[in-house]
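Worksheet: the structure to be examined is printed underneath.
In what follows, residues are counted from 1 in the order of the sequence shown. For ligands, and for the atoms within them, numbers begin at 1 and follow the listed sequence.
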Amino acid sequence: MPLIVANWKMHKTRAEAAAYGAELSGLIGDGIPGRELVLAPTFTALAEARDARGRWALASQNVAAESEGAFTGEVSAKQVADAGCRYAIVGHSERRRIFAEDGPTLARKLARCREASLTPIYCLGETAEERDASLTASTLVRQVDTLDGDPPDLPLVVAYEPIWAIGTGRAATPADAEAARAHLASLLSARRSVRILYGGSVTPENAAALARTGMDGFLVGGASLSAAAFAAIARA
Ligand code: PGA
């Protein structure tokens, strides 16, 4: 089932999240057939973003690498599961780049997700420099290596998000997305259940063409801040 995830990043108050939920509810009625929708709000808006009718699930945008203890400011996987999350985004490029999260740290976060029965949405993708140096394939291999300790029999979501496409208005071409999807599918072929999403400047306008690449859904940032745009992307 295609999975469409709204990554709000550090946007929306609780009131804005509640208004978004009400608008999305009106737009999708009983839900969009054949689509799984997920909202990833900030921690503070998880309760307001939750759908009592279960037409969409919740994801946290991050979890702590530790399970519990003296880690001021961190939020654990167990806590976000308790707050209603089914998924957790791990390894978003903004976490890797701005907060210097490396492979070993992300492997620990993946393990914490599994302990809390959260399905990770593990993000990877190459920088513009890596792409220009023809290092896309080897970058993906290195980033997939982080999944080595993750149980292959549990469902996993992987989001291919080329960094040059995130928030730039310059999405990958369908050909680029298709090549990355095929490479990731072969790297992850030993796993029992994996869905590969595309992320990076997805809009209602380009979603249909990107969907035809065989991607199992989208991780949407900027465009997901509008309930109407998010619903349109989910329908594409
Ligand atoms: P974008 O962000 O859709 O704004 O490019 C995607 C993401 O960062 O997940």
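In this structure, F230 and Y20 have tilted ring planes: the angle between them lies in the 30° to 60° band. Using cut-offs of 30° and 60° on the angle between ring planes, the pair Y198 and F218 is perpendicular.
Heavy-atom contacts of H92 reach the following atoms of ligand 1: 7 (C), 8 (O), 9 (O) (cutoff under 4.0 Å). Distances below 4.0 Å separate heavy atoms of A165 from the following atoms of ligand 1: 5 (O). Taking every heavy atom of N7 and a limit of under 4.0 angstrom, the matching atoms of ligand 1 come to 9 (O). Under a 4.0 Å criterion applied to the non-hydrogen atoms of K9, ligand 1 contributes the atoms 2 (O), 7 (C), 8 (O). Taking every non-hydrogen atom of G200 and a distance limit under 4.0 Å, the qualifying atoms of ligand 1 come out as 5 (O). Those atoms of ligand 1 that come under 4.0 Å of a heavy atom in L219, given as number and element, are 9 (O).
When each of T119, V80, V38 is tested with C85 by the rule side-chain contact (heavy atoms from CB on, under 4.5 Å), just one qualifies, namely V80. With respect to E66, the salt bridge (charged side-chain N to carboxylate O under 4.0 Å, His left out) criterion is satisfied by exactly one of K109, K78, R108: R108.
Residues W56 and E36 have side chains that never bring a donor and an acceptor to within less than 3.5 angstrom of each other. With 3.5 Å as the limit, one finds a donor-acceptor pair spanning the side chains of R55 and S25.
With a 4.0 Å heavy-atom cut-off, ligand 1 is reached by no atom of S93.
Hydrophobic clustering, with ILVMFWY side chains joined whenever heavy atoms are under 4.5 angstrom apart, groups L58 together with Y122.
For ligand 1, one of its N or O atoms has an N or O atom of G222 under 3.5 Å away. For ligand 1, the polar-atom distance check against T168 finds no nitrogen or oxygen pair separated by under 3.5 Å. For the pair G167 and ligand 1, the shortest N or O to N or O distance falls below 3.5 Å.
Considering A40, G221, G125 only, the shortest heavy-atom separation from atom 3 (O) of ligand 1 involves G221. With A223, S224, S201 as candidates, the residue nearest to atom 1 (P) of ligand 1 on a non-hydrogen basis is S201.
Looking at atom 9 (O) of ligand 1, its nearest protein heavy atom turns out to be E161 OE2, 2.7 Å.
Side-chain contact between L156 and I121 is absent, with no heavy atoms from C-beta onward closer than 4.5 Å.
A salt bridge links D150 with R191: the closest approach of a Lys/Arg side-chain nitrogen to an acidic carboxylate oxygen falls below 4.0 angstrom.
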